[in-house]
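To start, the structure itself, in structure tokens.
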Protein chains: 2
Amino acid sequence: MDPRKRARLDSAGWKVGSAADFLDLTPEETAFVEMKVALARYARGLRTQSGLTQTETAMRLGSSQSRVAKLEAADATVSLDLLVKALLTLGATPADVGRVIASHTATSAGS
Amino acid sequence: MDPRKRARLDSAGWKVGSAADFLDLTPEETAFVEMKVALARYARGLRTQSGLTQTETAMRLGSSQSRVAKLEAADATVSLDLLVKALLTLGATPADVGRVIASHTATSAGS
DNA sequence: CAAGGATATGTCAGAAGCGACATACGCGCA
DNA sequence: TGCGCGTATGTCGCTTCTGACATATCCTTG
């Protein structure tokens, strides 16, 4: 089920290459994952910049420390909804969110 | 529920104002909804511009006509994930998505 | 080394979202 | 007027996400 777990299990012999190559993701799936990663990074930045711990942040969000950890790790079980709601609660504006998505995400399919 | 929401409860008589005033939404909730509405509008634009029906679009997305209708109506049961995945599948880039969020959304928290 | 705070990882019951289906609404055309 | 096509709305069973908790892994600091 979980693609990441499968990936780990199958990785007896290593190959170089991006995760997108290794897993078989469509370009759209890749782009989607990259968006989440970019937002997750931004979320961590917002938090650390405020000197907050994950636990404190979790309380602000009405969530738990573990979920914040997963959120910042762009875990597969974390939805875009949660990610974006968290960012807004941490003080980001929609403009900020849009900017992060637009600028920190590789647009073209690339090689 | 949320302590910060309480403030607006007492509007006895009508006032003109946005849905966000009328419902009891925090600024973040309002911003989130506005993001979804902007993306939903954009989704409809992409579809109609391609001359597709909701049913045809649904097949491309591996979904159903009803869900596409709800998606374009920014229905509450439609997640950001679905919205964004749909946009990417319909040909939008992450940059497009970011731009829509950043520019078609009222930014300031303000009153 | 031990203790303590912060972060990561695994699991679960319950909530939320999903595709699918049925059906209602709107509108043009015969 | 009735039919056909596109869209909207409501519901349902199943899947996925969520908060919570337990626990593991780092780092510091004494």
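Just so we're clear, the structure is a prediction, and the values are computed from it rather than from any experiment. Protein chains get the first letters and strands the later ones, always in sequence-line order, with residue 1 at the start of each.
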Filtered N/O pairs between nucleotides 25-28 of chain C and protein, under 3.5 Å:
none

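- Within the 4.5 Å cutoff, side-chain heavy atoms of A:Leu80 are placed close to those of A:Leu39.
- Taking all atoms of both residues into account, the shortest heavy-atom contact from B:Leu46 to B:Ala92 is CD1-CB, 4.0 Å.
- No side-chain heavy atom of A:Arg67 sits under 4.5 Å from any side-chain heavy atom of A:Leu61.
- One can place CZ of A:Arg47 at 10 Å from P of C:dA6, the figure rounded to the nearest angstrom.
- Contact annotation: B:Thr77 side-chain N/O to C:dA16 OP1/OP2 distance is not under 4.0 Å.
- Closest approach to the A:Leu82 side chain among D:dT18, C:dA6, C:dG17 is made by D:dT18 (side chain taken as heavy atoms from C-beta onward).
- Comparing B:Arg44 and A:Val78, the nucleotide of DNA chain D nearest to each residue sits closer to the 5' end for B:Arg44.
- In this structure, CE of B:Met59 is placed 13 Å from P of C:dC21, rounded to the nearest angstrom.
- Rounded to an integer number of Å, the gap from B:Leu80 CG to D:dC17 P is 14 Å.
- At a threshold of 4.5 Å between non-hydrogen side-chain atoms, the residues A:Asp81 and B:Phe32 count as touching.
- In this structure, the side-chain hydrogen bond (donor to acceptor under 3.5 Å, both in side chains) partners of A:Thr53, at least two apart in sequence or on a different chain, are A:Glu56.
- Here D:dT7 presents its P atom at 7 Å from CD of B:Glu72, a figure rounded to the nearest Å.
- Rounded to a whole Å, the CG atom of A:Asp75 is 14 Å from the P atom of D:dT16.
- Tested against A:Glu72, the residues A:Arg41, A:Arg47, A:Lys36 include a single salt bridge (Lys or Arg N to Asp or Glu O under 4.0 Å) partner, A:Arg47.
- If you take CG of B:Leu83 and P of C:dA16, they are 19 Å apart, rounded to a whole angstrom.
- Within the 4.5 Å cutoff, the side chain of B:Met59 has no heavy atoms near those of the B:Gln65 side chain.
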- request: Using a 4.0 Å heavy-atom cut-off, write out nucleotides 20-30 of chain D from 5' to 3' as B (base contacted by protein), S (sugar-phosphate only) or - (no contact).
  value: BB---------

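- Transitive grouping of hydrophobic side chains (ILVMFWY, heavy atoms separated by less than 4.5 Å) keeps A:Leu87 and A:Val68 in distinct clusters.
- Take the nearest nucleotide of DNA chain D for B:Asp81 and for B:Thr55: the residue whose nucleotide is more 5' is B:Thr55.
- With rounding to whole Å, B:Leu61 atom CG is found 16 Å from C:dG17 atom C1'.
- In this structure the side chain of B:Val33 never reaches within 4.5 angstrom of the side chain of B:Thr30, judged on heavy atoms.
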